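Quick caveat: nothing in here was measured; it's all calculated off a predicted structure.
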Amino acid sequence: MSCRLEVFVIDSVVTHVVAVIFLATLIRSALGFGEALVAVPLLALRIPVQVAAPLTVLVSITVAAVVLLQDFRDVQVRSAGWLVLATIAGIPIGLLLLTGLDARLVKALLALVLLVFALYSLASRASFHLREDRIPWLLGCGLVAGVLGGAYGMNGPSLVVYGSLRRWPAERFRATLQAYFLPASVLGMAGYFAAGLWVPLVTRYYLVSLPGTFVAIAIGRALNHRLHGARFLRWAYGGLVVTALALLVQSLAA
């Protein structure tokens with residue numbers, strides 16, 4: 001009796017992990033961002049955060065690699081390169097801030113800034129538009145991504161802001177963000193490996209989730225290609241609103 005119960009519990013956990021990874025990958029493939037705020041909290045309901053976090057990063061590497069193989073022609077290489085370089089410079093600053101600032105306050109402030117920006121962009125028909133790459137904006141957004149990534153694992157929001165200001169089409173937005181996330185995620189996974197957090201259980205959940213991950217990438221790509229112009233930007237701003245609200249809840253609940 002106890003053996004049957006144990007098998008059921010293990011199966012239910014695996015099913016939960018596969019379903020969460022599928023949902024998170026679908027969001028990431030369709031919009032280019034947003035999976036971390038979905039995956040880690042939902043995975044942590046059934047598995048330890050020490051397993052959920054590296055699993056999410058491992059899946060992120062897979063998603064980014066597949067998207068780049070499919071749509072490498074849409075990547076804004078110059079933009080992605082500057083963003084990655086600025087992020088590398090920002091990570092040590094983030095690690096220093098991690099011990100010097102109240103995480104709740106930083107998350108709350110970030111949430112409010114994102115919320116104001118996204119709501120203003122949704123409401124305004126004449127929002128600010130970067131018609132070409134500007135080095136100060138690239139360095140600023142990349143540096144903020146590195147600082148927030150190093151301190152709190154939140155690289156994405158400032159990258160989404162930059163992409164939306166550039167008014168990249170949906171395909172270009174999605175592909176360019178993956179060109180950023182791939183090296184960033186590889187570095188993150190190397191850190192988990194060095195810390196001893198890439199354990200066999202992470203690999204097991206990853207392999208079990210892999211078929212669903214590929215299906216979600218394909219569906220997300222099809223959805224992404226159906227989103228054009230202002231319609232995609234509304235979805236991107238909506239994703240920022242959800243991100244901001246999630247951060248605000250985290251800051252209040254901490």
Do the non-hydrogen side-chain atoms of [X] and [Y] ever get within less than 4.5 Å of each other?
| X | Y | answer |
| --- | --- | --- |
| P54 | F193 | no |
| M189 | S60 | no |
| L55 | V17 | yes |
| W168 | Y162 | yes |
| V160 | F173 | yes |
| V63 | F214 | no |
| L130 | R167 | no |
| F232 | L31 | yes |

On a heavy-atom basis, which atom in A52 and which in L43 lie closest, and how many Å separate them? CB-CB, 3.7 Å
Can you give me the closest heavy-atom contact between A118 and V241, atom names plus distance? CB-CG2, 3.6 Å
Kindly write out the residues that satisfy ring-ring contact (aromatic ring centres under 6.0 Å, His included) with [X], not counting sequence neighbours, or none if the list is empty.
| X | value |
| --- | --- |
| F33 | none |
| W235 | none |
| Y180 | none |

Run through the side-chain heavy atoms of Ile, Leu, Val, Met, Phe, Trp and Tyr, join any pair under 4.5 Å, and report what else lands in [X]'s cluster.
| X | answer |
| --- | --- |
| V40 | none |
| L223 | F22, L26, V215, I219 |
| L85 | none |

Can you list the residues that meet the side-chain hydrogen bond (donor to acceptor under 3.5 Å, both in side chains) rule with T62, with sequence neighbours excluded? Y206
By side-chain hydrogen bond (donor to acceptor under 3.5 Å, both in side chains), Y192 pairs with (sequence neighbours left out) none
Hits for side-chain contact (heavy atoms from CB on, under 4.5 Å) against V199, two or more places apart or cross-chain, chain-then-number order -> L201, V202
Taking only residues at least two apart or on different chains, which pairs with a member in residues 69-81 satisfy salt bridge (charged side-chain N to carboxylate O under 4.0 Å, His left out)? D71-R174, D71-R221, R78-D133
Sequence neighbours excluded, every pair satisfying salt bridge (charged side-chain N to carboxylate O under 4.0 Å, His left out) that has a member inside residues 24-35: R28-E35
Could you measure the distance from the CG atom of L159 to the OG1 atom of T87? Nearest 0.5 Å is fine. 6.0 Å
Measure the spacing between CG of L207 and OG1 of T213 and express it to the nearest 0.5 Å. 10.0 Å
Pairs where residues 194-203 contributes a residue and the test side chain to side chain donor-acceptor pair (under 3.5 Å) is met, not counting sequence neighbours: W198-T203
